[in-house]
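Naming convention: chains lettered A, B, ... in sequence-line order (proteins, then strands); numbering from 1 in each chain.
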Protein chains: 2
Amino acid sequence: MVDREERQRLILALIIREYVDTAQPIGSQYLVERYDLGVSSATVRNTLGDLTEMGYLRQPHTSAGRVPTEEGYRFFVRQLMGHADLPSPVKRTITHQFYQAGHDVERWMRLAASILAHQSQAASLVTAPMPESAQFKHLELIATHGRQVLMVLVLAGGDVRQQMLALAEPVAQDQLSATAILINQHCQNLDLKGINALNVQFDALAQDALKLIREEMGRVGASLTGEVYHDGLSNVLSEPEFVESESARKALRVIEERSLLEDLLERTVLTNGVEGVQVLIGGEGTWEELRDCSVVLARYGVPGHTTGALGVLGPIRMAYGRTISTVRFVSSLLSELVAERMAE
Amino acid sequence: MVDREERQRLILALIIREYVDTAQPIGSQYLVERYDLGVSSATVRNTLGDLTEMGYLRQPHTSAGRVPTEEGYRFFVRQLMGHADLPSPVKRTITHQFYQAGHDVERWMRLAASILAHQSQAASLVTAPMPESAQFKHLELIATHGRQVLMVLVLAGGDVRQQMLALAEPVAQDQLSATAILINQHCQNLDLKGINALNVQFDALAQDALKLIREEMGRVGASLTGEVYHDGLSNVLSEPEFVESESARKALRVIEERSLLEDLLERTVLTNGVEGVQVLIGGEGTWEELRDCSVVLARYGVPGHTTGALGVLGPIRMAYGRTISTVRFVSSLLSELVAERMAE
DNA sequence: TTTTAGCACTCTCACGGTGAGAGTGCTAAA
DNA sequence: TTTAGCACTCTCACCGTGAGAGTGCTAAAA
């Protein structure tokens, strides 16, 4: 004889597993036929009644089977699911793919998005790693043509930024190089505050360059999310819950519209102090656009220095186990890569 | 009394206009009520019969009104539509927005995608401008940490590329700078062929750098499409033709899957010799994924030097007039910007 | 006290029939 | 060549029906 509560947990887990597979309401008879529960369907029915009363299951209509509620999924994720890891061969394959991408951050991002989308069969999103504060490393000024100068600014952590600098009059490359060397000497390893506090008499050219440098460094840290990569959008459209295009539209907008996505990320994984993978089910009452979907998010990078976020967006009826382990693994991998890159 | 053929053209145009608005089959009575045609519904019915026989209209079923066929749209776009331009105030607004984006190519791309999506109420896509061949302009080698060196390569046309160069042993910045100067002297304005033909004895460091330069320059021109920007994906999901998610999925895949998109672009606008805006209606029998949608495409940039592509993807029932003029205008604007940037 | 068999009950869904409405094509007259 | 008139066809919304699924309850069994 099994403990009453034990059976409730078992059956909730089974219903979620089956429902994630089939997208069909699950009945008592179906369960006893497929699993060796050792009890009759009537007993299962009692348990189903309990779980329904507890708010973890619901019936679409009287004569239908049970479907997990959002609360049911939450309970499952928090208490029932366990901490399964990705199978080792999968991990090795993924690691290998990142290894092949070399030092190219853009390729990392695309690869991460592709892997997440593929593993979870849902939509994925990855934001480029963003330094939380800018630290001057190196400057180059390169004459292009006429009064336009290309400024290449290297920041700590391997972040490279380019800007065009429009001068009042043409300047020779020699003079540009001299100015760059001068600025490099004074600004080495300074942050924005340090550069602002600099008390040196620069010439007009250097001042122009410094102005642009300040602007560019000010931009760093102003936003927590950089370029956004995504993949697998067409995956979610094949899910039955997104056939009424309205919920699909809302979900798409979260990925497309930068402001929505930034709000979501900043209020979840990019909040300092929060660690690990976060699971948002059905918008959690906060995000109307996510009412019909779930999001699995994680931060990656080196906290306090350079971080980004990644995650998966799919139907509420999602294979949380696999998705969460993939998100966890890819984020830890990216964290390692970012840390290595910073050490360079 | 109006010429028979004249009436056919008028009525086809009216049906397309109405159908694009309402997405409902249009009947003879509806037309005579809304437009002052000067003839009875019976006459209109005869004309409808003609147009149906010509293959420009069809009936979803016997007792329904008429709907344009793909052939009908094609005829409309080619013969009936005229060459309406965007209203001047709209043009001014758009021009102003690009002006505000400064010299930032990434912002141009995002802005173009946003404008196209917004104006056409459909999905838009823009590929970054790609030089057709690489010409060496300038090189910088910057020590970062240990054996990792940041290589910044400036190509003609303002294209800047960065790569990490991993050395066998650490090298001081002085020596890196000297090597860069050396390479700059020898490679100035050379293309890949010229660099390969170079007959100079370089030291190990310079040879490493040159190897990477060759790789990077070889990458230019290898693909005709660079980074792809898009916007307005959620627009198309609101169209009634995309409620059955299968056609929406196929359309999304064209935008998401690089290989599909590249094939499409290279076989249409990026084919040399083709000029102006191209309209593909219903996949034109060639692209299965586009069977249920239309694409309005154009090339932009400076032909033979640096070009990109842009376009709009929407339902076949699309407001071709407005979309085509927007695509034409934005592409000409981007062409100007790219030309200016090349002159710098 | 827990489990189970039995059973009545409820609800959905697929099916077929029906009638209103829309739009047509044809015919014959203008 | 155009038009009025009309019969015809097809869809679509509506309804009623019955099979099927799954339930909750009750009373007996363990």
Base versus backbone protein contacts along nucleotides 8-15 of chain C [heavy-atom cut-off under 4.0 Å; B, S, -]: --BBS---
Length of the line joining [X]:[atom1] and [N]:[atom2], which is rounded to integer Å:
X	N	atom1	atom2	value
B:Y30	C:dT24	OH	C1'	18 Å
A:L37	C:dT2	CG	P	19 Å
B:Q29	D:dA4	CD	C1'	13 Å
A:Q8	C:dT3	CD	P	11 Å
B:E6	D:dT2	CD	C1'	18 Å

Heavy-atom side-chain contact between B:Y19 and B:R66 under 4.5 Å: no
Any B:V296 side-chain heavy atom under 4.5 Å of B:T326 side chain: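 B:V296 does not reach B:T326 side chain to side chain.
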Residue that, paired with A:T268, satisfies side-chain contact (heavy atoms from CB on, under 4.5 Å) out of A:L297, A:V295, A:V279, A:D263: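 Of A:L297, A:V295, A:V279, A:D263, side-chain contact (heavy atoms from CB on, under 4.5 Å) with A:T268 is met by A:L297 alone.
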Residues B:E18 and B:Y30: side-chain donor-acceptor under 3.5 angstrom: yes
Is any NZ, NE, NH1 or NH2 atom of the basic residue among [X] and [Y] found under 4.0 Å from an Asp or Glu carboxylate oxygen of the other?
X	Y	answer
B:R7	B:D50	no
B:R74	B:E70	yes
A:R291	A:E288	yes

Point-to-point distance, once rounded to the nearest 0.5 Å, from CD1 of A:I324 to CZ of A:R322: 13.0 Å
Spatial distance of atom CD (A:Q29) from atom CZ (A:R45) [nearest 0.5 Å]: 8.0 Å
For the student: nearest non-hydrogen atoms of A:E239 and A:P315, plus distance: CG-CG, 3.8 Å
Within residues 41-59 of chain A, residues whose heavy atoms come under 4.0 Å of DNA chain D: A:R45, A:L48, A:Q59
DNA chain D contacts among residues 20-28 of chain A, heavy-atom distance under 4.0 Å: A:G27, A:S28
Strand partner of C:dA30, provided both Watson-Crick or wobble distances fall under 3.5 Å: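 D:dT1 is the nucleotide pairing with C:dA30.
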Nucleotide paired to C:dT24 in any strand shown, Watson-Crick or G-U, under 3.5 Å: D:dA7
Close aromatic pair by centroid cut-off 6.0 Å: A:Y73 and A:Y320: yes
